[in-house]
Protein chains: 2
Amino acid sequence: MSTEQAAARRDIPDATVNRLPVYLRVLRKVATDGHTTISSETLAEQSGVSSAKLRKDLSALGSYGVRGVGYDVATLAGHITGALGLERQWAVAIVGMGNLGRALATYGGIGVKGFEIKWLIDDDPRVVGSVVGGQKVVHFDALVPHVDEGVIGVIATPAPSAQQVADRLIAAGVRSILNFAPAVLTVPSDVQVRGVDMATELQILAFREQNARGPQGDREMKELMA
Amino acid sequence: MSTEQAAARRDIPDATVNRLPVYLRVLRKVATDGHTTISSETLAEQSGVSSAKLRKDLSALGSYGVRGVGYDVATLAGHITGALGLERQWAVAIVGMGNLGRALATYGGIGVKGFEIKWLIDDDPRVVGSVVGGQKVVHFDALVPHVDEGVIGVIATPAPSAQQVADRLIAAGVRSILNFAPAVLTVPSDVQVRGVDMATELQILAFREQNARGPQGDREMKELMA
DNA sequence: AAATGTGAAGGGCTTCACAGCC
DNA sequence: GGCTGTGAAGCCCTTCACATTT
């Protein structure tokens, strides 16, 4: 069973992994609404995907549904949590205590499970020692992960400092980075980076609205060609 | 030329559109470094993609490179800007003036081109009228887009308010939404939503680090976007 | 009767490899 | 010689459709 999970986990397609957090969030909401089971049709609709896709995704984790009934909400949430590796605890280090860093530090959705914001980091002496969200801001040097401790670094500094911060995170042993600064980072191949940036998102939205197509479906043809 | 651009624009694959903003950003950096031309190899490396992928992406816009030489930085940046529809001006409305909203309002990378933060919105009477980043915070009712004005709504409120804010944005005529709240939104099919959420990103990073990307033979920086 | 799980088909994206052009 | 642009091949993901199970 443990082996089965591990075996399945290794085969989960990238696209599926990217959607699992969404399913997990919807399941939590559904659970608080008092539902104990849910069909693929309903869960898919609330997650914004097709039911076929949802079932394929879930089947990559194993067979946890009941034909003719649906999925048990709590059980399914547990299996997704396990597949994502959230049984283990991850330490998060947020670097940069400007507006964005403070927003992330006080962000509600993180404390659910699996993650603990362990370091709030800033190099400005006027900021070090202050308290944000009930936690003390420390100097970069305080970032000393324990051996085998999974650490995720979050960069919330202005763009010009981002690369330097990334270098220091990597030097401290961090191998996963979430970058909110509008900059492209250069990192060794054993370090993974995910970038989140408002400008990029706005540009993608602008393109899609201009070309008048939603998720899929209605296309709107316009001017003609010569 | 205008026709050619429009023709090409219609055929740009989704995956390519998602990467164009990255190329654009790298080109800007490269330009400030004084380079006037760049090869696909170099641009690809700095963007974190393969050179073949980069050339395929760019060829979807047209043939703007010179064989044996590379791409003219300024020219290419201009064509990407045009393809993304940033020649036109877009108005941005940020809803929610907490830490996150203030961070986004004062975010530097947005003013580059194509976007203007036109409304900072909050419903708290104690916040309305205050000034953030040199701009006055207004009540939601002040959001009255001009006809044919492209507006993008940015949700920076706590999760419980997100759906209601989305509904009001849509009622005001907004058809593109960028959602920073950790909530899944339900919207009509002609409205597009992109969600950005730290918890989701952390979960994806955790999964990948845990599975050490061994099976696939580790690639370098994979997707920078969701 | 109802809903899952999944082979098979289809579509899109990436990689390869080289022809074409400067 | 060097680098772009692109058909072709391969891979991954999505969709379809239905057999399977409760």
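Residue numbers start from 1 in every chain, and the chains themselves are labelled A, B, ... in the order their sequence lines are given, proteins ahead of strands. Nothing here was measured: the structure is a model prediction, and the numbers come from that model. Heavy atoms only: backbone and side chains are in, while hydrogens, waters and symmetry mates are out.
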Gap between atoms CG and C1', on A:D11 and C:dT6 respectively (whole Å): 15 Å
Output for pair (A:L20 CG, A:D57 CG), nearest 0.5 Å, gives 6.5 Å
Check the distance between C:dT4's P and A:R55's CZ and give it to me in whole angstrom. 6 Å
Using only modelled atom types and a 3.5 angstrom limit, is any donor from either the side chain of A:R67 or the base of C:dT4 paired with an acceptor on the other? yes
Starting at atom CG of A:D14, determine the distance to atom C1' of C:dT14, rounded to an integer number of angstrom. 13 Å
Check the phosphate of D:dC3 against B:S40, side-chain N and O only, distance under 4.0 Å to OP1 or OP2. Yes or no? no
Starting at atom OH of A:Y64, determine the distance to atom P of D:dT21, rounded to an integer number of angstrom. 18 Å
Would you mind classifying the nucleic acid contact of A:S51 as base, sugar-phosphate or nothing, using non-hydrogen atoms under 4.0 angstrom? nothing
Between C1' on D:dT4 and CG on B:L43, what's the gap in Å once rounded to a whole number? 13 Å
Heavy atoms only, 4.0 Å cut-off, all strands: where does B:S50 land among base, sugar-phosphate and nothing? sugar-phosphate
Please compare A:A52 and A:P13 by the position of their nearest nucleotide in DNA chain D and report the one closer to 5'. A:P13
A:K56 side chain: which of D:dC13, D:dC3, D:dT15 is closest? D:dT15
As an exercise, state the distance from OH of B:Y64 to CD1 of B:I80, rounded to the nearest 0.5 Å. 10.5 Å
Could you tell me the separation between the CZ atom of A:F180 and the CG atom of A:L104, rounded to the nearest 0.5 Å? 5.0 Å
To the nearest 0.5 Å, what is the distance between CZ on B:R194 and OG1 on A:T200? 9.0 Å
Could you check how far NE2 of A:H79 sits from P of C:dG5, rounded to whole Å? 11 Å
State which of D:dT15, C:dT14, D:dG5 makes the closest approach to the side chain of A:K53. D:dT15
Between D:dG5 (C1') and B:L61 (CG): distance, integer Å: 13 Å
Short side-chain donor-acceptor distance under 3.5 Å, A:D72 and A:T37: no
Distance test, side-chain N/O of B:Y71 to OP1/OP2 of D:dG5, below 4.0 Å: yes
Rounded to whole Å, CG of B:L54 lies from P of D:dC3 at a distance of 14 Å
Closest to the B:V66 side chain, choosing from C:dC22, D:dT4, D:dC13: C:dC22
